[in-house]
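Just so you know, these numbers use all the heavy atoms, side chains as well, and skip hydrogens, waters and symmetry mates. Counting starts at 1 for both ligands and their atoms, following the listed order. Source: prediction; values computed, not measured.
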Amino acid sequence: MTHTKCIGPNYVDNTPRFNIEPTRIEWTTFYPTYAPIEYNAPCFTHPIPPSWADPIDISAIQWNKRNEYGLFNFDSRGYPMNPNGRTGMTGRGVLGKWGPNSAGDPLFTMWKRDNNGEIIYIDNLPVLLFVAIERSDGGDGGEGKYALPGGMVDAGEVVTQTIAREFSEEALGTLSSDDKVETIESLHKLINSSGRQIYKGYVDDRRNTDNAWMVTTCINVHDESGNIFNQFKLSGGSDAARAMWMEYHPSLQYFKLYASHANWVKKAYELVSSDLLSSKFNTFNQLKNVLGYLGCAVNQHN
Ligand code: BGC
């Protein structure tokens, strides 16, 4: 994957960045005039850095524990190198960790139904609903302020726990409520039993630098009947100003979400809709076989 969001003259907080030539992103491309700008957000160089960030001295970092998303190289100063190439900025930027910074993204889906409980189809293709949030930091701006309710993996968490916790905090508004632990536990069980991994890897994120970058795992949990997810009382919390069911259908000309989230919704749609359409097709075929055996004619109705 070539990155496009983490190049350009300005970094997320408007710190200037070396304006890289898009054809010279790869490390293997000769670029003698490459002069990236070094930047570490001021809070990281404070004598007591935030607890979620690496210390200033990187000698104690166990790099082999950061390989889950793939191996990476190191530059001549001993800093990890972005596996997707140059960004025009060295240092950690605003990311807390050197090398990969892990996140998790929940993609909870169900079909849009009419008042009789029937799935709504447009041009023979079902309409999907997924839980989205409006990011309170404005996200990518414009329609990119809408996102999946994901977030960073906390110390000691496995990514499925992060996905459950973030969903609970950002989409169910259970940040400080008493039943937070129970909610997260049930969501975690649901994710482990019915989740389908949609993406795991590098993210083309505006915060990436030459030495720090985002990786994430996106898991889809699809409620085919809608009976469980229908009961969610969506409410924004934590970094989310609002939480809502958003629609996706392939006929949408313009579908934009934060970072790479729109691609994952499209991929999940392909999987769940082909499950649905093939089960319809199978039912039809079974029916056709049975009725065919009895000598009846069958027409398919969508
Ligand atoms: C967001 C995730 C996103 C990841 C990579 C995190 O800060 O919460 O939703 O996938 O960054 O862009």
- Any R135 heavy atom less than 4.0 Å to ligand 1: yes
- Chi angles and distances behind the salt bridge (charged side-chain N to carboxylate O under 4.0 Å, His left out) call for D54, R92: CA-CA 10 Å; D54 281 339; R92 286 184 258 183; 5.2 Å; no
Check each atom of ligand 1 against the heavy atoms of [X] and keep those under 4.0 Å away; list them by number with element.
| X | value |
| --- | --- |
| M214 | 4 (C), 5 (C), 11 (O) |
| G151 | 8 (O) |
| A259 | 12 (O) |
| D105 | 2 (C), 3 (C), 9 (O), 10 (O) |

- Task: Compute whether any side-chain donor of one residue and acceptor of the other, for D105 and Y199, lie under 3.5 angstrom apart.
- Result: no
- Are more than 12 heavy atoms from other residues, nucleotides or ligands located less than 6.0 Å from atom CD of Q197? yes
- Note on the structure: In this structure, atom 11 (O) of ligand 1 is nearest to the protein heavy atom R207 NH2, 2.8 Å
- Query: What protein heavy atom sits nearest atom 5 (C) of ligand 1, and how far off is it?
  - Reply: D205 OD2, 3.4 Å
- Test: R86 cationic atom under 6.0 Å from Y34 six-membered ring centre, within 45° of axis: yes
- Query: Would K256 count as a cation-pi partner of Y146, with NZ or CZ less than 6.0 Å from the six-membered ring centre and within 45° of the ring normal?
  - Reply: no
- Message: For ligand 1 and G150, I'd like to know whether there is a polar contact (N/O to N/O, distance under 3.5 Å).
- Response: yes
- Message: Would H261 count as being in polar contact with ligand 1, using the rule that some N or O on each side must be under 3.5 angstrom apart?
- Response: yes
- Query: Which of these passes side chain to side chain donor-acceptor pair (under 3.5 Å) with N82: W27, Y202, W213?
  - Reply: Y202
